Amino acid sequence: MVLTRRARLMVFVAMATAATVSTVMWGAGKATGAVLVPVPMAAVAAMPVPAHRSVAPEADISHHGHVSLWGEALGVWLLSENHGPSDVMRSTVRLRFSVALTGRQEMPGACLQSDARTVLCRTGPLRAGGAAGRQIALELQLAGRPDEVVVRIDTGWDGGVTDRNPQNDRHEVLAPATGDEYVF
């Protein structure tokens with residue numbers, strides 16, 4: 001008798017509680033009916049253990065830099081890095097502003113304005129271990145002369161990696177119109 005992968009996993013779980021176990025045979029992802037199959041412990045020990053598979057490679061994308069507001073201009077300088085064990089082939093940093101941007105903005109080729117208050121910038125490849133991060137510098141024109149702007153920075157798309165430390169790629173910065181640099 002051939003046991004499906006799911007049935008073998010059920011056997012492994014149950015082997016801690018009994019010398020023989022019952023399993024449910026599965027077909028096409030749905031239970032087709034219960035079949036009682038006595039499995040001696042020696043047979044369970046001889047079954048291959050499924051290899052551990054990660055759902056996605058693990059990375060640790062971070063964004064750090066500073067924001068400065070003076071008059072109608074807002075400057076954003078940031079460095080995106082990957083401190084995780086796996087390389088990231090592509091990712092996108094999202095910058096959201098509490099004040100609308102004026103019309104057409106001049107931006108680096110890797111960036112685009114997605115709406116009146118959001119800019120997206122692709123980082124390109126980010127190598128594991130923090131090597132060779134991506135620097136982005138923006139000087140944006142705001143609608144009016146606000147007294148302050150809130151800038152929200154986060155990873156808009158991570159290339160399908162798992163990031164178990166999102167605290168270093170999500171920031172919210174209040175920048176008063178002083179011309180000073182506010183670090184994140």
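Here the structure is a predicted model, which is why all the values come from computation and not from measurement.
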Looking only at heavy atoms, what is the nearest atom pair of Ala175 and Leu69, with distance? O-CD2, 3.3 Å

On a heavy-atom basis, the closest approach of Pro146 and Gly71 is CD-O, 4.2 Å

Go through the steps to decide whether Val149 and Val67 satisfy the test side chain to side chain contact (heavy atoms under 4.5 Å, CB included), and finish with yes or no. CA-CA 10 Å; Val149 173; Val67 175; over 6 Å; no

In short, Ala56 meets Gly160 closest at the heavy-atom pair CB-O, 3.2 Å

Tell me whether Arg122 at atom CZ has more than 12 heavy atoms from other residues, nucleotides or ligands lying less than 6.0 Å away. no

Count the heavy atoms belonging to other residues, nucleotides or ligands that lie under 6.0 Å from CD of Gln135, then report whether that count exceeds 12. no

Are side-chain heavy atoms of Val173 and Ile153 found at a separation under 4.5 Å? yes

Quick one: does Ser80's side chain have a donor or acceptor within less than 3.5 Å of a partner on His63's backbone? no

Which atom of Pro108 lies closest to which atom of Ala137, heavy atoms considered: CG-O, 3.7 Å

Please answer whether the main-chain N or O of Ser86 pairs with a side-chain N or O of Asn82 as donor and acceptor at a distance below 3.5 Å. yes

Given Met107 and Val119, is the side chain to side chain contact (heavy atoms under 4.5 Å, CB included) satisfied, shown in steps? CA-CA 9 Å; Met107 292 186 224; Val119 171; 3.7 Å; yes

Could you report the tightest heavy-atom contact between Ala73 and Glu139, atom names first, then the distance? CB-OE2, 4.5 Å

Would a distance-only check, ignoring hydrogens and angles, find a side-chain to backbone donor-acceptor pair under 3.5 Å from Ser68 to Gly179? yes

Atom CG of Leu74 and atom CD of Gln105: how far apart are they, to the nearest 0.5 Å? 9.5 Å

Single-linkage hydrophobic cluster Leu138~Tyr182, side-chain heavy atoms < 4.5 angstrom: yes

Answer yes or no: are there more than 12 heavy-atom neighbours, outside Glu106 itself, under 6.0 Å from its atom CD? no

Would you say Thr155 and Asp169 are linked by a side-chain donor-acceptor pair, where the criterion is simply a distance under 3.5 Å? yes

What's the spacing between Thr118 OG1 and Gln113 CD if we round to 0.5 Å? 8.5 Å

Check this for me: does any side-chain nitrogen of one of Arg170 and Asp154 sit under 4.0 Å from a carboxylate oxygen of the other? no

Euclidean distance, Glu81 CD relative to Ile61 CD1, rounded to 0.5 Å: 11.5 Å

Write down the atom of Arg127, the atom of Ala132, and the distance for their closest heavy-atom approach. CD-CB, 4.4 Å

Here the gap from Leu95 atom CG to Thr92 atom OG1, rounded to the nearest 0.5 Å, amounts to 11.0 Å

Got a donor-acceptor contact below 3.5 angstrom from the Thr123 side chain to the Ser91 backbone? yes

Compute whether any side-chain donor of one residue and acceptor of the other, for Asn168 and Asp60, lie under 3.5 angstrom apart. yes

Pairwise distance CG(Asp180) to NE2(His66) - rounded to 0.5 angstrom: 11.0 Å

Walk me through it: do His171 and Arg152 pass the test side chain to side chain contact (heavy atoms under 4.5 Å, CB included)? CA-CA 6 Å; His171 306 283; Arg152 291 176 185 84; over 6 Å; no

Under a single-linkage definition using a 4.5 Å side-chain heavy-atom cutoff for Ile, Leu, Val, Met, Phe, Trp and Tyr, are Trp77 and Leu101 assigned to the same hydrophobic cluster? no

Rounded to the nearest 0.5 Å, what's the gap from CG on Asp163 to CD on Glu58? Could you check? 8.0 Å

Under the criterion side chain to side chain contact (heavy atoms under 4.5 Å, CB included), I'd like the reasoning laid out for Glu72 against Arg145: C-alpha separation, chi angles, the key distance, then a yes or no. CA-CA 5 Å; Glu72 297 172 351; Arg145 295 178 64 93; 3.4 Å; yes

Minimum side-chain heavy-atom gap Val93-Leu120 below 4.5 Å: no

Quick check on Asp115: does its CG atom have over 12 non-hydrogen neighbours (other residues, nucleotides or ligands) under 6.0 Å away? yes

Are Leu79 and His64 side-chain neighbours, meaning at least one heavy-atom pair lies under 4.5 Å? no

